[in-house]
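Note that the structure is a prediction, hence the values are computed from the model and not measured.
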There are 2 protein chains.
Amino acid sequence: MARPREFDEREALTAAMQVFWEKGYEATSIGDLTARMNIQRPSLYAAFGGKEELFEAALRAYSQMSLAYVERMLGSGESTKAALQAFLQGIIDGPGGGNPSYGCLCVNTMVELGPHEPKFAAITNDYQAKLTDLFREAVERGVRSGELPARLNPALIASVLSVTAIGLSVSMKSNTERSRVEPVIKEILTLIE
Amino acid sequence: MARPREFDEREALTAAMQVFWEKGYEATSIGDLTARMNIQRPSLYAAFGGKEELFEAALRAYSQMSLAYVERMLGSGESTKAALQAFLQGIIDGPGGGNPSYGCLCVNTMVELGPHEPKFAAITNDYQAKLTDLFREAVERGVRSGELPARLNPALIASVLSVTAIGLSVSMKSNTERSRVEPVIKEILTLIE
DNA sequence: CTCTTTCTGTACCTATCGGTACATAATATT
DNA sequence: AATATTATGTACCGATAGGTACAGAAAGAG
C-alpha cells in the first residue's frame with residue numbers, strides 16, 4: 001500500500017503512559033510526549049489523534065495492565081491473606097516495580113481530572129469497580145477454602161481494601177517513607193481474621 | 001502613607017484557595033484567579049508575588065483551616081467513636097460543607113505536585129502528620145475515658161484512620177455515589193471496638 | 001521503473017500562558 | 001492644598017501551549 005510506520009504503536013503508547021503517569025495530564029506537554037515516545041509531532045497526531053485521545057488510550061492501557069497485575073497477584077499462591085498483604089505491600093514499595101512517587105495513574109487521574117472530565121471519570125470508576133471485584137473474589141475464595149472466617153462480608157471487605165489501597169497510594173506520593181504507613185497494612189488485615 | 005488596598009487580602013486569599021481547590025494548580029490560570037478574587041492582575045502580583053507563592057499561601061491557609069475543623073470535630077462531643085464516625089461521614093458528604101468532588105486540597109496537592117515539588121510536599125506532609133496526631137489524641141482520650149479498649153495502639157489506629165480518610169476523599173472525587181463507600185466507615189470503626 | 005499512498009521532519013499557526021510597564025487614580029502626610 | 005506614595009486598570013511582553021501545512025522520503029502496486 002504505502003510507507004509503513006517506523007515505530008511500534010504499542011511501544012509508543014507505553015512510553016506515553018509512563019510520561020502521564022509521572023507528570024500528570026496537564027503538566028505533560030506534547031514535546032514531553034514525542035521526546036519519550038521517540039516520534040515526531042505529526043506522527044503522534046496521525047497515530048493517536050491528539051493529547052486528549054492519547055491520554056485516554058494510555059489510561060485504558062494502564063487500567064488493563066494494572067488490573068491484570070492485581071489479578072495475578074491475588075490469584076497466585078495458596079493463602080488469600082498473604083496475597084492481599086503482598087499486594088498492599090507492593091503499593092508501598094512501588095506499584096509494578098515503579099517508583100512509589102508515581103502512585104497509580106488511575107488514582108492520580110481521579111484526583112486531577114475526575115470532577116471535571118466525565119469521560120475519564122468513567123474509566124477510573126470502572127477501574128475502581130473492577131479492582132473492588134477482584135478483592136471481593138479473593139475474599140470469597142478465602143472464605144470458601146476455610147482460610148477466612150465465614151462471617152465476613154466479602155463485598156464490604158473488598159470496599160475497605162479498595163479505599164485502603166487508594167489511601168496508601170496517595171499517601172506515598174509526597175512522602176515515600178515506608179515505615180510511616182507499613183503497619184497500617186497489618187492492622188487492616190486484622191479485619192479478615 | 002498612600003492609597004490603600006481596595007480589597008481584603010484575606011478574602012482574596014480564600015477565593016484563590018477555592019479556585020485551586022476546585023481546579024488544581026496547573027489547570028488554574030491567573031485569569032481564573034483574578035476573576036474569582038475580584039482583583040486585577042497586577043494587584044495579585046503586588047499582594048502575593050506570583051502564582052506559585054499564591055498557591056503556597058492558599059495551601060497553608062487551607063491546611064490551617066482544615067486542621068482546625070478536624071480538631072473541632074474530634075474534640076467536641078462525649079463519644080470518640082461518634083466523633084470519628086461523623087468526621088469520616090463528613091468526607092463523604094462534602095468536606096467543610098463543600099462539594100465532595102473537590103476533595104481535600106492537601107490530598108489533591110499530594111497527588112498533583114507531591115513527587116515534583118518538595119516545597120509543597122513538605123506542607124502536605126506536615127498536614128498529614130498533624131492530622132494523624134489529632135486522630136491519635138482522640139483515640140488516646142477515648143482509651144483514657146474507658147470508652148475504647150485499653151489494648152488499642154493509638155498511633156497505629158491513627159495511621160489507619162489517616163489513610164482511610166485520604167482514600168475516601170479520593171474515591172469520592174470521581175464518583176460521588178455515597179452508598180458505594182459509606183459502609184466502609186462502619187467497618188473501619190470496628191477496629192476500635 | 002513508475003506512480004500512488006502513506007509516513008517523517010521542519011517549520012509554522014493561533015491562542016494562551018505567567019508576568020510586567022506605564023499611565024492614571026486615590027489617599028496619608030506635610 | 002500640594003506632594004509623595006501606593007494601588008488600579010489597560011495594554012502589552014516573550015515563551016510556550018496544542019495543533020497543522022507542506023515538502024520530501026520511503027515502500028507497496030502495476
Residues from residues 25-36 of chain A lying under 4.0 Å of DNA chain D - heavy atoms:
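Those residues are A:Thr28, A:Ser29, A:Ile30.
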Pull out every residue in residues 41-59 of chain B that has a heavy atom closer than 4.0 Å to any atom of DNA chain C, ordered by number, or say none.
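Listed by number, they are B:Arg41, B:Pro42, B:Tyr45, B:Gly50, B:Lys51.
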Atom-to-atom span, CZ of B:Arg5 to C1' of C:dA28 - whole angstrom
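Distance, rounded to whole Å: 16 Å.
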In whole Å, what is the span from the CD1 atom of B:Ile39 to the C1' atom of D:dA7?
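About 11 Å, once rounded to whole Å.
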With sequence neighbours excluded, tell me which residues meet salt bridge (charged side-chain N to carboxylate O under 4.0 Å, His left out) with A:Arg72.
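None.
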Using the salt bridge (charged side-chain N to carboxylate O under 4.0 Å, His left out) criterion, which residues pair with A:Lys23? Sequence neighbours excluded.
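Partners of A:Lys23 under the salt bridge (charged side-chain N to carboxylate O under 4.0 Å, His left out) test: A:Asp32.
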Partners of [X] by side-chain hydrogen bond (donor to acceptor under 3.5 Å, both in side chains), sequence neighbours excluded?
| X | value |
| --- | --- |
| A:Lys81 | A:Glu193 |
| A:Thr14 | none |
| B:Gln40 | none |

To which residues is B:Val170 joined in a hydrophobic cluster, defined by side-chain heavy-atom contacts under 4.5 Å among Ile, Leu, Val, Met, Phe, Trp and Tyr, whether direct or through other members?
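Grouped by the 4.5 Å side-chain rule, A:Val107, A:Met110, A:Val111, A:Ile166, A:Val170, B:Val107, B:Met110, B:Val111, B:Ile166 form the rest of the cluster around B:Val170.
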Give me each pair satisfying salt bridge (charged side-chain N to carboxylate O under 4.0 Å, His left out) with a member in residues 120-139 of chain A, each pair once, sequence neighbours excluded.
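Of all non-adjacent pairs touching residues 120-139 of chain A, those that pass salt bridge (charged side-chain N to carboxylate O under 4.0 Å, His left out) are A:Asp126-A:Lys130, A:Asp133-A:Arg136, A:Arg136-A:Glu140.
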Can you run down the salt bridge (charged side-chain N to carboxylate O under 4.0 Å, His left out) pairs that involve residues 59-70 of chain B, sequence neighbours left out, and say none if there aren't any?
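Residue pairs with at least one partner in residues 59-70 of chain B: B:Glu56-B:Arg60.
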Tell me whether the side-chain N/O atoms of A:Gln40 come closer than 4.0 Å to OP1 or OP2 in C:dT8.
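Checking C:dT8 against A:Gln40, no side-chain N or O comes under 4.0 Å of OP1 or OP2.
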Going by side-chain contact (heavy atoms from CB on, under 4.5 Å), name the residues that satisfy it together with A:Tyr45, two or more places apart in sequence or in a different chain.
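Testing A:Tyr45 for side-chain contact (heavy atoms from CB on, under 4.5 Å), a comparison that skips the adjacent residues, returns A:Ile30.
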A quick test of your reading: do over 12 heavy atoms of other residues, nucleotides or ligands sit less than 6.0 Å from CD of B:Glu53?
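Yes, enclosed.
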Listed pairs, N/O of protein and of nucleotides 23-25 of chain D, under 3.5 Å:
from, atom 1, to, atom 2, distance (Å)
D:dA25, N3, A:Arg3, NH1, 2.9

